[in-house]
Amino acid sequence: MVKSGKSKRSGALAESPSHLMHRVLQLALDIYSDEAGADGPTQRQFAVMEAVSAKSGLTQTDLVRATGIDRSTLADLVARMTTKGLLEREKSTIDARAKAVKLSEAGTALLEAARPRVEAADRRILALLPKGKREGFIELLSDLANAADAAPDLAKAEAKAAKKAQKEARKAEKLARKADGTDKAAPGDPEARPVKKEKKPKKTKAPVVVVEPVS
């Protein structure tokens with residue numbers, strides 16, 4: 001890990017990315033709340049409204065991709081924003097089975113009023129860094145956000161590849177057992193079939209010869 005000589009912290013927490021990002025996130029949210037005010041939208045509400053305003057006809061699945069908010073949290077958030085009159089539901093023009101969302105008049109008004117405040121919050125956050133580091137800071141955040149977006153797809157691909165490799169391994173093992181004549185069922189292997197035991201020939205009793213006495 002990279003150590004900073006300017007850090008006033010010491011110990012493991014000073015070198016923990018997760019801990020440092022948590023602290024920075026809390027600072028960013030505090031600044032956002034301060035600028036947005038009590039009557040402004042939360043950071044997640046703003047993200048949803050900004051995403052909806054950028055492209056009409058977004059479904060909740062689209063919003064998950066656009067905002068990075070997990071599906072269950074987003075579903076609850078959209079439901080509450082719809083109840084408050086900030087969003088409206090409509091039929092999706094792409095998928096008849098899905099519901100799209102759009103900004104209501106109240107939502108549009110709140111978004112337009114919030115934008116200057118959010119920009120002020122962003123300026124305050126960047127002002128905490130030297131000018132020469134601000135652009136690199138944004139690039140690093142973008143890289144991390146892109147990595148977060150790619151993580152679910154990567155996990156699915158890895159799981160699919162692992163399942164395929166496991167299937168191929170079972171197939172190869174089965175062929176090997178057939179080749180050496182030991183094609184017996186192995187514990188946990190659904191593809192293995194036991195070899196039928198050869199039936200032993202039935203023992204036949206020798207015929208009984210009856211000898212009649214000579215008279």
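- Between I69 and V48 there is a side-chain heavy-atom pair separated by less than 4.5 Å.
- Side-chain contact between D149 and R65 is absent, with no heavy-atom pair separated by less than 4.5 Å.
- At a cut-off of 3.5 Å, with distance as the only test, a side-chain donor of S53 or E50 sits close to an acceptor on the other residue.
- Residues F46 and R115 share a closest heavy-atom pair of CE1-CG, 4.0 Å.
- Once rounded to the nearest 0.5 Å, the distance linking CE of M49 with CG of L87 reads 8.0 Å.
- Under the 3.5 Å distance criterion, the side-chain polar atoms of D62 are matched with a main-chain donor or acceptor of T59.
- Here the OG1 atom belonging to T73 is positioned 8.5 Å from the CG atom belonging to L77, to the nearest 0.5 angstrom.
- Here the CZ-CG distance, from R44 to L74, works out to 9.5 Å after rounding to the nearest 0.5 Å.
- Here the OG1-CZ distance, from T42 to R80, works out to 7.5 Å after rounding to the nearest 0.5 Å.
- In terms of heavy atoms, L111 sits closest to L103 at CD2-CD1, 3.8 Å.
- No side-chain heavy atom of F137 sits under 4.5 Å from any side-chain heavy atom of P130.
- Within 6.0 Å of CD in E90 there are more than 12 heavy atoms belonging to other residues, nucleotides or ligands.
- Across all their heavy atoms, A36 and P41 have their closest contact at CB-O, 4.1 Å.
- None of R117, R124, R123 except one satisfies the salt bridge (Lys or Arg N to Asp or Glu O under 4.0 Å) rule with E35; the exception is R124.
- Between the OG1 atom of T82 and the CZ atom of R89 there is a distance of 4.5 Å, given to the nearest 0.5 Å.
- For T67 (side chain) and L63 (main-chain N/O), a donor-acceptor pair under 3.5 Å exists by modelled atom type.
- L141 is connected to L126 through a chain of hydrophobic side-chain contacts under 4.5 Å among Ile, Leu, Val, Met, Phe, Trp and Tyr, so both are in one cluster.
- Side-chain heavy atoms closer than 4.5 Å link hydrophobic residues (I, L, V, M, F, W, Y) into clusters, and following such links, possibly through other members, connects L129 to I138.
- Counting all heavy atoms, side chain and backbone alike, G85 lies closest to A106 at O-CB, 3.7 Å.
- Distance check: I125 CD1 to I31 CD1 gives 5.0 Å after rounding to the nearest 0.5 Å.
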Before you tell me yes or no, could you show the steps for L20 and E15 under side-chain contact (heavy atoms from CB on, under 4.5 Å), namely the whole-Å CA-CA distance, both residues' side-chain angles and the distance that decides it to 0.1 Å?
CA-CA 8 Å; L20 295 175; E15 299 179 358; over 6 Å; no
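- A donor-acceptor pair under 3.5 Å is absent between the side-chain atoms of D34 and the main chain of D30, judged by distance alone.
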